[in-house]
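Everything numeric in this text was worked out from a predicted model, so none of it was measured.
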Amino acid sequence: MSKIAIIDYGIGNLYSVVKALEHVAGPADRVFTTSNPEVIDTCDRAVFPGQGAAQDCMQALKVHGLEEVVLSAARNKPFLGICMGMQVLMRDSEENQGTGCLALYEGSVKYFGDHVSVGAGTDRYKVPHMGWNAVRQDQAHPLWEGIAPSSYFYFVHSYFVACEDAALVAGTTDYGLPFTSAIAKDNVFAMQCHPEKSAGAGLKLLSNFIRWDGESGCH
């Protein structure tokens with residue numbers, strides 16, 4: 001039996017994450033949402049989703065007293081970050097005129113509109129980046145098992161992660177520029193896209209996460 005905690009800090013609708021994990025979980029696994037630090041601390045694995053603005057996310061974590069328990073989970077158990085749950089693992093974000101984040105990893109979160117041509121036309125890109133796009137697997141990882149290289153996942157975001165440590169990069173996607181769409185280190189795996197909305201590839205990744213021991217990832 002595995003207790004899988006989806007960290008609820010009041011940002012975003014967690015229903016699709018819950019239902020996708022329940023779909024791939026085994027009969028003895030327990031999937032639940034919680035904002036209780038003690039429960040998160042004692043779960044077997046943690047999922048850290050999020051959407052909206054970086055500043056709102058960080059403020060919500062502070063209000064719910066979850067900053068330290070999120071960092072503890074990311075250091076000690078299989079941990080999956082999704083969308084904003086990937087971005088705030090970095091040191092800071094350009095969003096909201098600059099927002100300090102959890103600083104688990106060195107790197108910044110940057111605005112697409114400052115780095116790609118925005119608008120209509122063949123060589124211009126809409127912001128936010130929304131829809132299906134391919135994720136190249138830059139490093140072997142247990143969560144990629146059974147997922148074809150350059151499989152398509154679903155994205156909705158205006159900001160992207162720029163890692164300072166290239167060894168963190170587990171997946172890359174092109175949208176006017178190549179950007180980091182997945183990171184991995186030790187027991188942490190995080191994605192900019194939404195695996196819970198990414199059909200077969202996303203469900204396979206979530207299934208792999210539930211069965212991952214957290215000890216054979218990227219280093």
Side-chain angles (χ1 to χ4, degrees), residues 3-23 30-43 45-105 107-113 127-131 153-163 179-183 188-198 202 205-206 209-210:
K3 295 185 294 182
I4 305 146
I6 302 169
I7 299 171
D8 182 5
Y9 51 103
I11 299 290
N13 182 359
L14 305 182
Y15 179 79
S16 58
V17 179
V18 172
K19 299 309 290 183
L21 282 164
E22 287 179 341
H23 181 76
R30 182 183 170 211
V31 178
F32 57 92
T33 62
T34 181
S35 59
N36 186 323
E38 293 182 2
V39 173
I40 297 167
D41 198 45
T42 58
C43 71
R45 56 197 69 232
V47 180
F48 181 40
Q51 62 186 42
Q55 186 178 72
D56 293 341
C57 176
M58 290 304 301
Q59 181 62 29
L61 288 174
K62 291 176 183 176
V63 167
H64 287 83
L66 292 173
E67 289 176 290
E68 289 305 316
V69 76
V70 167
L71 286 170
S72 177
R75 293 179 178 125
N76 295 295
K77 63 189 69 186
F79 182 97
L80 177 64
I82 297 174
C83 194
M84 183 58 67
M86 170 181 166
Q87 291 186 10
V88 297
L89 297 179
M90 310 312 289
R91 182 186 59 239
D92 53 57
S93 172
E94 293 181 347
E95 197 167 9
N96 308 115
Q97 290 76 52
T99 299
C101 298
L102 292 172
L104 182 64
Y105 303 120
S108 295
V109 182
K110 300 182 179 296
Y111 178 55
F112 265 122
V127 177
H129 170 217
M130 182 181 298
F153 288 80
Y154 189 78
F155 290 82
V156 183
H157 63 122
S158 299
Y159 291 77
F160 64 94
V161 165
C163 296
F179 70 91
T180 298
S181 50
I183 61 173
V188 172
F189 190 96
M191 302 188 82
Q192 180 60 65
C193 54
H194 289 269
E196 77 280 7
K197 298 180 181 179
S198 296
L205 187 137
L206 293 174
F209 172 71
I210 289 176

Aromatic ring proximity, centroids under 6.0 angstrom, Y159 and F112: no
Note, F189 side chain near P78 side chain (heavy atom, < 4.5 Å): no
Please answer whether the main-chain N or O of Y111 pairs with a side-chain N or O of E94 as donor and acceptor at a distance below 3.5 Å. yes
If we ignore hydrogens and angles and just use 3.5 Å, is the side chain of S108 paired with the main-chain N or O of A162 as donor and acceptor? no
Verdict with supporting geometry, Q55 and Q97, side-chain hydrogen bond (donor to acceptor under 3.5 Å, both in side chains): CA-CA 9 Å; Q55 186 178 72; Q97 290 76 52; over 6 Å; no
Hey, does K3 have a side-chain heavy atom less than 4.5 Å from the side chain of F32? yes
Between atom OG of S16 and atom NZ of K197, what is the distance when rounded to the nearest 0.5 Å? 5.0 Å
For a side-chain contact (heavy atoms from CB on, under 4.5 Å) check, start with the C-alpha distance between R75 and L104, then their side-chain angles and the critical distance, and finish with the verdict. CA-CA 9 Å; R75 293 179 178 125; L104 182 64; 4.1 Å; yes
Do any N or O atoms from the side chain of K77 and from the backbone of C43 form a donor-acceptor pair under 3.5 angstrom? yes
Looking at M90 and C101, what are the two nearest heavy atoms and their distance? O-CB, 3.0 Å
Go through it in stages, so that I can follow the logic: the residues are C83 and Q192, the test is side-chain contact (heavy atoms from CB on, under 4.5 Å), and I'd like the CA-CA distance, side-chain angles, deciding distance and then a yes or no. CA-CA 4 Å; C83 194; Q192 180 60 65; 3.6 Å; yes
My understanding is that only one of H157, R91, Q87 makes a side-chain contact (heavy atoms from CB on, under 4.5 Å) with V109; could you say which? Q87
So which heavy atom on C193 is nearest to which on P195, and how close? O-CD, 3.3 Å
Nearest heavy-atom neighbours spanning I11 and Q51: CG2-O, 2.8 Å
For H194 and F153, run side-chain contact (heavy atoms from CB on, under 4.5 Å): C-alpha distance rounded to whole Å, both residues' side-chain angles, the deciding distance at 0.1 Å, then the answer. CA-CA 7 Å; H194 289 269; F153 288 80; over 6 Å; no
Report the C-alpha distance between I6 and V31 in whole Å, list the side-chain angles of each, state the deciding distance to 0.1 Å, and finish with yes or no for side-chain contact (heavy atoms from CB on, under 4.5 Å). CA-CA 7 Å; I6 302 169; V31 178; 3.8 Å; yes
Ring centroids only, cut at 6.0 angstrom: are H129 and F160 within range, meaning strictly under it? no
Quick one: does NZ or CZ of R45 land under 6.0 Å from the six-membered ring centre of F79, within 45 degrees of the ring axis? no
Over all heavy atoms of both residues, which pair between F48 and L102 is shortest? Give the atoms and the distance, please. CE2-CD1, 4.3 Å
Within the side chain of D41, is there an N or O that forms a donor-acceptor pair under 3.5 Å with the backbone of P37? no
Heavy-atom closest pair, residues H64 and Y9: CE1-O, 3.3 Å
Minimum-distance pair of heavy atoms, taken over all atoms of T180 and C163: CG2-SG, 4.1 Å
Does one side chain, of D8 or S35, offer a donor that lies under 3.5 Å from an acceptor on the other? no
Determine whether a donor-acceptor pair (N or O, by modelled atom type, separation under 3.5 Å) exists between the side chain of E95 and the backbone of A54. yes
